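Predicted, not measured: the structure shown is a model, and the values here were computed from it. Start at 1 and go down the list; that is how both ligands and their atoms are numbered. Index from 1, following the sequence. Every heavy atom of this structure was used, including side-chain atoms; hydrogens, water molecules and symmetry mates were not.
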Amino acid sequence: MRLIGLTGGIGSGKTTVARMLGDRGFHVIDADAIARDIVAPGSPALQELSEIFGSGILLPDGSLNRGELAARAFIDKEHTELLNSITHPRIHEETQKRIAAAPGDVVYDMPLLVDNDLHHDMDLVIVVDVDPETRVKRLAGRGIGEEDARRRIAAQIPDEVRRAAADIIIDNNGAPEDLIPQVEAAVAKINELP
Ligand code: ADP
């Protein structure tokens, strides 16, 4: 089993590339989905969070009100660390579990792979790269306003730092079909790995 890290800034087309790799037989593990799943209604993590941050972080249907949790947790370092101490170990454990259970080569789709210094644990790192201005335009198509998009891009590590961590850079500045030969080349390179 080979572990391939897939990352890129918000709006770079990571999800698009992950889907293409999934179509080519890779088992895709979505880091964002894990972060959501561990705080699903009825989960121990959500129970703990509501005990610490108050039941006001829950919506009437028992699911997490993310905005409210953020408002209560991201007020200072201490509260942020408290939140992380509940979520991070569970995210880590669930990620390891899914990797171990994967039937074959894994593509770990992780927006913050380089930001969180996890790229060293990968057998190969793919970075999807797009000029920030193009990302702002594409994110508008996903309903994310320009100001919000710029703020989110600025909150992530600089593109050049992410690119420097890549074994393969997929350039998604062009049309979606331009991704196909690049994904095929990436698959060929992965298949050359021991
Ligand atoms: P990410 O997962 O990195 O945030 P997505 O794969 O969701 O990015 O892509 C962001 C948006 O840009 C989506 O709406 C997607 O359909 C669109 N998109 C991706 N690649 C291209 C492309 N080459 N040309 C035009 N739009 C694209």
Side-chain angles (χ1 to χ4, degrees), residues 2-40 64 66-67 69-70 74 87-88 91-92 94-95 98-99 102 105-190:
R2 292 169 286 208
L3 182 56
I4 313 304
L6 173 66
T7 193
I10 179 164
S12 60
K14 236 178 340 8
T15 309
T16 309
V17 172
R19 202 177 318 118
M20 293 172 76
L21 289 166
D23 290 344
R24 286 161 178 77
F26 289 87
H27 183 80
V28 178
I29 295 180
D30 179 343
D32 285 343
I34 293 177
R36 281 194 301 273
D37 290 351
I38 62 119
V39 290
L64 175 62
R66 289 171 182 282
L69 176 61
F74 298 139
T87 56
H88 284 185
I91 290 172
H92 181 73
E94 183 60 27
T95 306
R98 291 191 193 186
I99 291 171
D105 288 344
V106 169
V107 167
Y108 178 46
D109 175 359
M110 172 48 160
L112 300 180
L113 189 77
V114 182
D115 310 57
N116 291 357
D117 213 25
L118 296 170
H119 53 292
H120 301 294
D121 300 336
M122 304 293 129
D123 295 315
L124 185 135
V125 175
I126 300 176
V127 169
V128 186
D129 191 48
V130 180
D131 165 71
E133 288 308 310
T134 307
R135 285 154 65 196
V136 169
K137 285 195 199 98
R138 288 181 188 167
L139 286 170
R142 235 172 57 181
I144 298 177
E146 179 174 342
E147 206 179 308
D148 193 15
R150 289 191 195 284
R151 196 175 42 77
R152 293 195 199 191
I153 289 172
Q156 297 186 331
I157 50 157
D159 291 347
E160 59 272 21
V161 177
R162 192 183 298 104
R163 278 195 294 266
D167 297 298
I168 297 174
I169 295 178
I170 292 188
D171 179 347
N172 190 24
N173 285 292
E177 52 271 27
D178 296 342
L179 289 173
I180 298 168
Q182 299 186 78
V183 168
E184 300 291 0
V187 172
K189 190 158 176 183
I190 293 166

* Asked: If you count the atoms of ligand 1 from 1 in the order shown, which ones are under 4.0 Å from a heavy atom of P176?
  -> 22 (C), 23 (N), 24 (N)

* Asked: So which heavy atom in the protein is nearest atom 2 (O) of ligand 1, and how far is it from that ligand atom?
  -> T15 OG1, 2.4 Å

* To do: Ignoring angles and geometry beyond distance, decide whether G13 reaches within less than 3.5 Å of ligand 1 through its nitrogen or oxygen atoms.
  => yes

* To do: Determine, for D37 against R98, whether the closest basic-nitrogen to carboxylate-oxygen distance falls under 4.0 angstrom.
  => yes

* Might you confirm whether atom CD of E177 has over 12 heavy atoms from other residues, nucleotides or ligands at distances under 6.0 Å? => yes

* Asked: Is atom 12 (O) of ligand 1 close to the protein, meaning a heavy atom under 4.0 Å from it?
  -> yes

* When rounded to the nearest 0.5 angstrom, what is the spacing between CG in D115 and CD1 in I157? -> 4.0 Å

* Has P111 got any heavy atom lying under 4.0 angstrom from an atom of ligand 1? -> no

* To do: Report yes or no: does R142 contribute a side-chain atom to a donor-acceptor pair with the main-chain N or O of R138 at less than 3.5 Å?
  => no

* To do: Give a yes or no on whether a salt bridge exists between D23 and R19, defined as a side-chain N under 4.0 angstrom from a carboxylate O.
  => no

* Asked: What do the steps show when you test E146 against R150 for salt bridge (Lys or Arg N to Asp or Glu O under 4.0 Å), and what is the final call?
  -> CA-CA 6 Å; E146 179 174 342; R150 289 191 195 284; 2.9 Å; yes

* To do: Provide, to 0.1 Å, the distance between atom 1 (P) of ligand 1 and the closest protein heavy atom, together with that atom's residue and name.
  => K14 NZ, 3.5 Å

* Structure fact -> side chain to side chain contact (heavy atoms under 4.5 Å, CB included) test vs R135 passes for just one of N172, D129, D159, I144, namely D159

* What atoms of ligand 1 come closer than 4.0 angstrom to any heavy atom of G9? -> 3 (O)

* To do: With heavy atoms under 4.0 Å as the rule, classify the contact between A175 and ligand 1 as side chain, backbone, both or neither.
  => backbone

* Identify the protein heavy atom lying closest to atom 15 (C) of ligand 1, giving its residue, its atom name and the separation to 0.1 Å. => T16 OG1, 4.2 Å

* Asked: Tell me: protein heavy atom nearest atom 20 (N) of ligand 1, and distance?
  -> N172 ND2, 3.0 Å

* Structure fact -> The answer for which part of R142 has a heavy atom under 4.0 Å from ligand 1 is side chain

* Could you find the nearest protein heavy atom to atom 18 (N) of ligand 1 and give me its residue, atom name and distance? => R138 CD, 3.9 Å

* **N/O donor-acceptor pair under 3.5 Å between D105 side chain and I4 backbone** => no

* Give a yes/no on ligand 1: does G174 have at least one heavy atom closer than 4.0 angstrom to it? => yes

* To do: Quick one: pull up OG in S12 and CG in L139 and give me the separation to the nearest 0.5 Å.
  => 9.0 Å

* ligand 1 N/O within reach of G11 N/O, cut-off under 3.5 Å -> yes

